[in-house]
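All residue numbers refer to positions in the sequence shown, counting from 1.
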Amino acid sequence: MRNSGLPDGVKVLVGVSGGPSSRAMIHALSAFHSVDNPRKKQKLKDVVVCYVDMAGVVGCEESCEPAIRAMVESYGFTYICTKLEDAFGREGEEVVPIDGQSDDPQSLLMRIQKDASESNTDKLRRCVAAFGKMSSKEDVLHYLTLQALLRAAREHGCGALMLGDNSTRVAIRVISQISKGRGFAMPIEVATGARWYEDVIVLRPFRDILSKEIGLYNEYENLTSVHVPTLTTGMPARSSIDRLTEEFIVGLDRDFPSTVSTITRTAFKAGTKWDEEGVGRCPLCGG
C-alpha cells in the first residue's frame, strides 16, 4: 500500500465477497489504517466497505449479507450493501430516456428496462437466463459486480477501489480470459493501480499472495470467512470455463508449486496498447 502510487489522504472503497481473501484483506487493512503513532501520517483518508448482494440471481433463500455486515462492522469501517439488480436502476428510481450513442454501462443496462411492472430482480434473472452457457453467465455477473463497485465508489467520493484478488485467483483469471479470447484486456484484469477507469484507481494488494498463504494467515489469526454460494456452487468442473480452469490450475499447482507464480509473473509482464488514446471500450465490462 505504501508503494501503490496512491496519493496520501485518498478515500478507498473495499469490495468484499465474504471469502478468505476478503476476510484477510479487511483484517490487514484495519491494522494498516489504524494510527498507533500520532506522528505517523495516515495513508488513507477513510475506508468504505461494500458488499454486492447476488442472492436474487443465485436463488438463495437467505442472504449472507447480515453475516458480512457483522464482520465488517466489528472493525469499525463504514459499511454499505448494494444489490446486483440495482444495475437496472434502484427500485422507485425514475429511468431517464437514454441516448442510443451512450457508452455508459449503466445506460446500456437501462435500455433493457422497458416493463415497469417487472421487478429489478426478475429483470436480472431474465438477463442472465438469456445467456445459454454457464461461462457467459459467470462473465456477465462478474462485470455487473465490478460496475456496481465502481458506481458505489463514485457515489461515495472514493478515488480508489480495492479488490481481494489473490495470486491464485489472478492466475485462474488469466488462463480463462485467454481461453475466451480476451487476452487484450489481460493487463487491465491483473494490474494493480490501473487507471483504466479514469476517476477510480483499481488496486489488488493481494495479487502476489497465494491462496494457501491467505488460508494459513486466517488460521493463525482465527479469522472465519462467510460462505457465499455462486452459480457454479456444487457443479462439476466442466460446467464452465472458469470452473474448469480453476480445477486445472489448482491441481497442477499441487504437484508443481511454481505454477501460479509462473503464470502471474508472465501476465504482469505482458502489455497491450489498451492505454492509448482512441482505444474503444466495451459498454458492459468497460474493457
Legend entry - hydrophobic_cluster_shared for V52 and I80, side chain cutoff 4.5 Å: yes
Inset, instruction - Quick one: closest heavy-atom pair of S17 and Y51, and the distance? - result: O-CE1, 4.1 Å
Inset, instruction - Indicate yes or no for a side-chain donor-acceptor contact from T168 to the backbone of S211 under 3.5 Å, with no hydrogens or angles considered. - result: yes
Inset, instruction - Using modelled atom types only, decide if a donor and an acceptor are shared between the side chain of R182 and the backbone of Q177 within a distance under 3.5 Å. - result: no
Legend entry - Between CE on residue M71 and CG on residue L223, distance to nearest 0.5 Å: 9.5 Å
Legend entry - Nearest non-hydrogen partners of T224 and R23, listed with the distance: O-NE, 2.8 Å
Legend entry - Donor-acceptor pair, side chain of R243 and main chain of M235, under 3.5 angstrom: yes
Inset, instruction - Assess whether atom CD of E247 is packed by more than 12 heavy atoms of other residues, nucleotides or ligands within 6.0 Å. - result: no
Inset, instruction - State plainly whether the residues K212 and D253 are in salt-bridge range, i.e. N to O under 4.0 Å. - result: yes
Legend entry - Contact summary for S225 and P20, nearest pair of heavy atoms: CB-N, 3.7 Å
Inset, instruction - Run through L163, I214, I209 and flag the one making a side-chain contact (heavy atoms from CB on, under 4.5 Å) with S21. - result: I214
Inset, instruction - Locate the shortest heavy-atom distance separating E213 from D208; write the atom from each residue and the value. - result: OE1-O, 4.4 Å
Inset, instruction - Decide, yes or no, whether a salt bridge links D242 with R169 under the criterion of side-chain N to carboxylate O below 4.0 Å. - result: no
Inset, instruction - Could you tell me which non-hydrogen atom of E65 sits nearest to which non-hydrogen atom of C81, and how far apart they are? - result: CG-SG, 3.4 Å
Legend entry - From L13 atom CG to T78 atom OG1, the distance as rounded to the nearest 0.5 Å: 10.0 Å
Legend entry - Distance, nearest 0.5 Å, that separates OG1 of T259 from CG of L252: 3.5 Å
Inset, instruction - Working to the nearest 0.5 Å, report the span between CD of Q147 and NE2 of H142. - result: 10.0 Å
Legend entry - Validation row: L124, L144 side chains within 4.5 angstrom (heavy atoms): yes
Inset, instruction - Would you mind reporting whether K11 and D46 have side-chain heavy atoms less than 4.5 Å apart? - result: yes
Inset, instruction - Please list, chain by chain and in numerical order, all residues satisfying side chain to side chain contact (heavy atoms under 4.5 Å, CB included) with T230, sequence neighbours excluded. - result: T232, T233
Inset, instruction - Test D53 against I68 for side-chain contact (heavy atoms from CB on, under 4.5 Å), laying out the working first. - result: CA-CA 10 Å; D53 191 359; I68 295 179; over 6 Å; no
Inset, instruction - Would you give the length of the straight line joining atom OG1 of T264 to atom CZ of F268, rounded to the nearest 0.5 angstrom? - result: 5.0 Å
Legend entry - Where C64 and P229 come nearest, the two heavy atoms and their spacing: SG-CD, 4.1 Å
Inset, instruction - Give a yes or no on this: more than 12 heavy atoms of other residues, nucleotides or ligands lie within 6.0 Å of atom NZ of K83. - result: no
Legend entry - Connected via hydrophobic side-chain network under 4.5 Å: F206 and L216: no
Legend entry - side-chain contact (heavy atoms from CB on, under 4.5 Å) assessment of L203 paired with M162: CA-CA 5 Å; L203 299 172; M162 191 177 297; 4.3 Å; yes
Inset, instruction - Would you confirm whether S30, through its side chain, and I26, through its main-chain N or O, come within 3.5 Å as a donor-acceptor pair? - result: no
Inset, instruction - Supply the atom-to-atom distance E138 CD to S239 OG, rounded to the nearest 0.5 angstrom. - result: 6.5 Å
Legend entry - For Y75, ring-ring contact (aromatic ring centres under 6.0 Å, His included) partners two or more places apart: H27
Inset, instruction - Using the rule that two of Ile, Leu, Val, Met, Phe, Trp, Tyr join whenever any of their side-chain heavy atoms come within less than 4.5 Å, decide whether V174 and F256 are in one cluster. - result: yes
Inset, instruction - Report the hydrophobic cluster partners of I241, with the cluster defined as I, L, V, M, F, W, Y residues connected by side-chain heavy atoms closer than 4.5 angstrom, directly or transitively. - result: none
Legend entry - CZ (F77) with more than 12 external heavy atoms under 6.0 Å: yes
Legend entry - Verdict with supporting geometry, M25 and V14, side-chain contact (heavy atoms from CB on, under 4.5 Å): CA-CA 9 Å; M25 183 171 62; V14 182; 3.3 Å; yes
Inset, instruction - Could you state whether L244 and M134 fall into the same hydrophobic cluster, counting links through intermediate Ile, Leu, Val, Met, Phe, Trp or Tyr residues with side-chain heavy atoms under 4.5 angstrom apart? - result: no
